[in-house]
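First the proteins, then the strands, lettered A, B, ... as listed; each starts at 1.
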Amino acid sequence: MANMKVEEKRKQKMRISGAFMLIEALKAEKVEVIFGYPGGAVLPIYDKLYDSGIFHVLTRHEQGAIHAAEGYARISGKPGVVIATSGPGATNIVTGLTDAMMDSLPLVVFTGQVASGVIGSDAFQEADVVGITMPITKHSYQVRHVQELPKIIKEAFHIATTGRPGPVLIDIPKDMTTQEGEFDYEQPVRLPGYQPTVYPNHLQIRKLVEAVSQAKRPVILAGAGVLHANASQELQQYAEQQKIPVIHTLLGLGGFPADHPLFLGMAGMHGTYTANMALYECDLLINIGARFDDRVTGNLNCFAPKATVAHIDIDPAEIGKNVPTKIPIVSDAKEALKELILQEGRPADTDEWLAQLAEWKKGFPLVYKNEPGTMKPQKLIEMIYELTDGEAIVTTDVGQHQMWTAQYYKFKQPNRWVTSGGLGTMGFGLPAAIGAQLADRQATVVSIVGDGGFQMTLQELSVIQELKLPIKVVIVNNQSLGMVRQWQQLFYEKRYSHSLIPNQPDFVKLAEAYNIKGLRAKTEAEAVRVLQQAFSLHEPVLLDIHVAADENVYPMVAPGKGLHEMVGVKLCEESLQ
Amino acid sequence: MTVHNRPGVLNRITGLFTKRHYNIESITVGHTETEGISRMTFVVNVEDERTAEQITKQLNKQIDVLKVHDITDQAIVARELALIKVAVNPAARQEIYTLIEPFRAAIVDVGKESLVIQVTGEPEKVEALIDLLKSYGIKEVARTGTTAFTRGSQKAAASYKTAFII
Ligand SMILES: Cc1ncc(C[n+]2csc(CCOP(=O)(O)OP(=O)(O)O)c2C)c(N)n1
Ligand SMILES: [Mg+2]
């Protein structure tokens with residue numbers, strides 16, 4: 001036993017190459033999977049990876065690698081790890097880094113760099129990656145001495161996963177991977193400039209408890225912070241204890257069960273009538289882990305005009321950034337909720353308020369016109385919901401299909417929903433599904449994508465086929481960049497400038513070219529049949545489902561309008577458009 | 001504010017100002033008494049308190065930033081150094097000597113047709129001297145930007161329109 005310890009110590013102090021250090025560090029961090037793409041500057045790393053036993057997924061584009069890592073992080077709660085080579089490899093991950101930064105996803109990203117000696121000389125495949133990525137990473141490093149590498153990697157994992165999660169980049173000049181140094185991964189992380197506040201301030205908690213007991217029309221707006229903090233249970237317990245209704249942001253969906261009587265739906269531009277009106281009418285707004293994004297608030301001048309605002313967020317900079325906040329609580333969502341549950345307090349007298357909300361929910365549900373014969377995209381999502389018992393992991397691209405999925409797939413559990421919110425990145429859905437499936441091998445994974453966005457990252461079908469991931473890719477084919485087309489219809493006099501894409505590849509043949517089963521449906525009846533077939537197969541299937549091309553997403557808060565000014569709440573209203 | 005003196009740290013900070021659309025009036029950077037730690041002083045024009053608070057919070061989020069203080073509403077010692085090159089003929093020299101005297105400025109270089117004046121003080125004082133010298137014909141001005149400390153005693157709080165962040 002003692003011998004083993006000595007052995008262990010000796011191993012830690014061994015002189016090994018930087019590339020080897022990287023592998024050892026990843027093992028120490030218990031990394032299960034790396035998403036990456038090789039190239040000149042990372043050859044020494046890939047050489048060490050070769051027989052390391054670490055599972056590496058070769059995506060077919062670096063953007064695919066980083067979105068897959070995001071999907072993995074979103075579902076597993078663990079950091080996604082990416083390797084890209086210098087220059088073009090690194091610049092190809094810029095979109096993904098920005099996406100992860102916006103949506104607070106923990107990533108540790110390694111980029112190769114030209115050798116230290118030639119940095120600054122415009123060497124082959126040199127790019128100032130640290131410079132390029134500074135504003136789109138939580139932190140970044142360039143390795144200057146091989147000896148620092150273990151410390152840097154350890155810090156990177158710590159920073160990526162604590163506080164408000166985010167992407168951390170490590171740029172490694174090639175010579176840093178071949179030089180040798182001592183590998184010591186035992187040193188504790190010491191970052192005096194980085195001390196996230198995890199526990200809430202007691203005084204502020206008291207203030208909130210007091211405000212709740214006074215409130216007549218309180219509402220909780222819950223964002224992805226609840227999911228990052230693993231606080232769904234506490235959220236439900238608190239909401240039930242205090243009888244406060246709950247609204248989700250797009251990214252927060254699943255944090256609170258959609259079929260719960262206290263749930264009002266999603267807020268914002270395409271939120272439900274009840275959620276948006278509740279935000280307008282509430283007298284106490286408790287924001288838990290959401291950042292008051294403009295797509296959620298609409299025009300700030302008429303956002304929650306009657307409310308006292310309380311905001312629980314692990315990132316102090318989010319509090320008061322967009323909305324003046326009376327009760328700021330810098331804290332991890334779980335810790336704050338635990339404290340609030342403990343305090344109990346006098347529950348708000350919300351009976352009247354809940355009755356009003358129930359009336360709205362009944363009177364103004366999400367609606368669409370079901371026309372027999374045509375496949376309505378909303379109906380498509382409902383069918384997928386039913387076929388998967390509402391328990392699938394669902395990933396999407398960005399556009400109309402994303403909003404319909406958010407509206408009609410009623411997530412009952414946390415961490416089943418993977419979408420690009422803050423950045424709105426088309427092409428996100430397919431690679432994210434790969435990462436999601438690798439994070440949860442047992443889950444049914446459905447990637448609901450647009451005919452536009454799918455064509456941005458479709459090369460990753462290779463990976464799905466190669467790894468035999470039984471992902472169901474559903475193309476919501478409206479032969480258009482639907483969301484753009486919708487805005488042009490509503491705000492640009494139906495001048496459909498470059499938003500119609502009837503010229504499409506044969507998606508079924510495309511699937512077959514990748515050795516994946518492809519199925520097509522042009523009517524609702526066909527859709528029912530192919531969906532049933534697809535979900536009965538334990539293999540990847542690509543479904544090309546043609547839907548009504550002129551369907552719009554409603555309700556809608558037009559840009560510049562307040563949440564209470566949404567249109568398309570009732571069917572008759574929509575037909576006026 | 002104090003920061004870890006790491007490669008790119010200034011870049012990170014100025015990049016943050018650019019990203020968030022804040023205009024920097026001046027920056028000074030230099031070593032502190034502790035090795036590896038630098039002090040930066042920013043003067044920033046802001047519209048309201050909320051913006052100043054937001055800048056402070058965003059700066060604090062940077063991993064390499066150790067401490068940020070918004071000292072706008074505090075009693076501070078603020079100093080700036082300026083070198084002012086003025087075009088003067090020999091006849092006007094005496095006049096300039098007399099003029100700069102109350103500013104405790106010094107002539108640090110004398111040429112045939114110009115003088116270089118060095119002045120240290122609060123930015124307002126530097127501004128005032130530059131204004132006075134304008135009529136002689138200023139050729140060049142180099143200013144360091146403001147660096148500042150809070151005073152040991154906080155009784156008399158000065159009020160500045162600009163935000164000082166150190
Ligand atoms: C990378 C990228 N480019 C452009 C956009 C702007 N954009 C937002 S939605 C959209 C249309 C997406 O079309 P499609 O993927 O077919 O989805 P649909 O809206 O039709 O469901 C576009 C172009 C974007 N979000 N991301
Ligand atoms: Mg489309």
I'd like to verify something: which residue of [options] has the highest number of heavy-atom pairs under 4.5 Å with chain B?
options: P196(A), A317(A), S140(A); value: A317(A)
options: D315(A), L191(A), I319(A); value: D315(A)
options: P324(A), G163(A), G131(A); value: P324(A)

For [X], look at atom [atom1] and say whether over 12 heavy atoms of other residues, nucleotides or ligands are found less than 6.0 Å away.
X: K85(B); atom1: NZ; value: no
X: E47(B); atom1: CD; value: no
X: E101(B); atom1: CD; value: no

If I compare all heavy atoms of K57(B) with all of P316(A), which pair ends up nearest, and what's the gap?
NZ-O, 2.9 Å
Considering non-hydrogen atoms only, spot the tightest contact between L66(B) and G193(A) and give its length.
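Result for this residue pair: CD2-N, 3.7 Å.
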Pairwise distance CD(Q62(B)) to CE(M134(A)) - rounded to 0.5 angstrom
8.5 Å
CD1-CD1 distance between I63(B) and I159(A), expressed to the nearest 0.5 angstrom:
4.0 Å
Among the listed options K61(B), K19(B), R12(B), E53(B), the residue most often paired with chain A at heavy-atom distances under 4.5 Å:
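Answer, by heavy-atom pair count under 4.5 Å with chain A: R12(B).
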Which bit of D128(A) comes within less than 4.5 Å of chain B, counting heavy atoms only: side chain, backbone, both or neither?
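Neither part.
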Please answer whether the main-chain N or O of N322(A) pairs with a side-chain N or O of R50(B) as donor and acceptor at a distance below 3.5 Å.
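A pair under 3.5 Å: yes.
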For the residue pair R144(A) and P7(B), establish whether any side-chain heavy-atom pair is separated by less than 4.5 Å.
yes
